[in-house]
Amino acid sequence: MLILAIMEKQHVLIIGGGISGLYTALQLSAGCEVTLLEGSNRLGGRILDTHRPGFDEVVKEGAEFVHGNATMSFSLLRKAGARFREVEGKMYRFRDQSLIPAEEMVTGWDELLEKMGSVPQDQPLGAFLNEHFGDPAHEELNTEARRYAEGFDVADPERVSIKALYREWSAGEQTFQIEPGYGKLVAYLESACQQKGIRIITDAIVKQLTWSPGSVTAFTLDGRSYRAQRAVITVPVSALQPNNPNSILFSPSINEYTEAARNIGFGAVIKAAVAFREPVWKPDDAFFLGDQPFPTWWTQHPFSSNVLTGWAGGTRASALSAHPETVLRDMAMLSIAALFGQPLNKLRLNIKAIHITNWQQQPCFAGAYSYPTPETSAARSQMNKPVAGTLFFAGEALYEGEFSGTVEAALLSAEEVVKKVTATGC
């Protein structure tokens, strides 16, 4: 008589319902039972597309652009039914109390890049600038480099790696805008997960993971517990850093991993979405760079829209984050008034609505996205190693490559962790 042994499916917990968690869950569902635990009341993580009063279109409160040749993102966005087009509009810089075309970077930028690429030892940007460009003749260049690192990379200049910045700044990548936004991708992945029978539980803040080889139990803030054979942790790196009061406690501890997480930078950002009755910019305008409280602004170019988006990143955002929303709204309006030379009273009449998103005040995230420090490469190497074939980590902060800090990085990290979990027998 032939006896067939029926093997039960391995059960995997996914901690975190952002893009990395959703994609990991979907891919593992082919061979595993999957439960996804998300701390907030929604899926998508640092992607947040919402409908707000006074706005005729989706407000992109979180991730917004596609950077570079992000093939996985493009493929999934097509499947989700979203459109994307390259941003080729004009850029302006605020100088001498007016906006002028920013046809090239500040004087000395090529010299800066050359020096960043040639120094033998990696170091933080601040120390590098003080050593090589700290004299009065390079004051504008010094200021612009710090501003760019904070604005684009949401990085602390005293921590961010010059080698990583050099690779990024010298790449000259394309940038794409999405219509209506990344929210279409979140909805697509959520629907696909539901069709695969994945158990999705929101409002489940994981405070502790108790584990032994081949067994893990997640305990949530409200007293629930979930058990499985494996766990993939895809939360923002801020929730793994030991200096964060909201971080996950591991029992037994995995100090080499939590200490590694400390060596990955995690930036701050505040976004301001402003809906105008009539645009104060021309149809082919894309970006505006200034020195106001919200120093960076962009349109929805190449898509038609009356929404202007403001951005304060890095230490500037950290300093602003303690202010109430009413103050941040006023700062946004004052920034626009100064940038475009508009009387404040006239500007107020032309604005239909303003919405502020202060990512530092959202407890499940406490910031924007990661950036590399000189210690980050070694930290990522450590965190990408499975813990006793039981605990696995994924997310944009753990990706090592050209798409650092992006949705594409989250997807590529998920793809790699799926291979590792599958190799354990799932």
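Without hydrogens or angle criteria, H67 side chain to F403 main chain gives no donor-acceptor distance under 3.5 Å.
Under 3.5 Å, the side chains of E396 and S370 contain a donor-acceptor pair of N or O atoms. Looking at T50 and R52, their side chains do bring a donor and an acceptor atom within 3.5 Å of each other.
Applying side chain to side chain donor-acceptor pair (under 3.5 Å) to K271 and the options H355, E61, E64 leaves one that passes, E64.
Between R316 and E150, none of the side-chain N atoms (NZ, or NE/NH1/NH2) sits under 4.0 Å from a carboxylate O, so this pair counts as no salt bridge. Using a 4.0 Å cut-off between a side-chain N of Lys or Arg and a carboxylate O of Asp or Glu, R93 and E144 qualify as a salt bridge. In summary, R329 and E325 engage in a salt bridge, as defined by a charged side-chain N under 4.0 Å from a carboxylate O. Using a cutoff of 4.0 Å between basic side-chain nitrogens and carboxylate oxygens, R146 and E158 are scored as salt-bridged.
The shortest distance between side-chain heavy atoms of I162 and D122 falls below 4.5 Å. Residues Y182 and L77 meet the side-chain proximity criterion, which asks for heavy atoms closer than 4.5 Å.
Considering CD1 of I233 and OH of Y257, their distance stands at 10.5 Å, rounded to 0.5 Å.
Around atom CD of E86, more than 12 heavy atoms belonging to other residues, nucleotides or ligands sit under 6.0 Å away.
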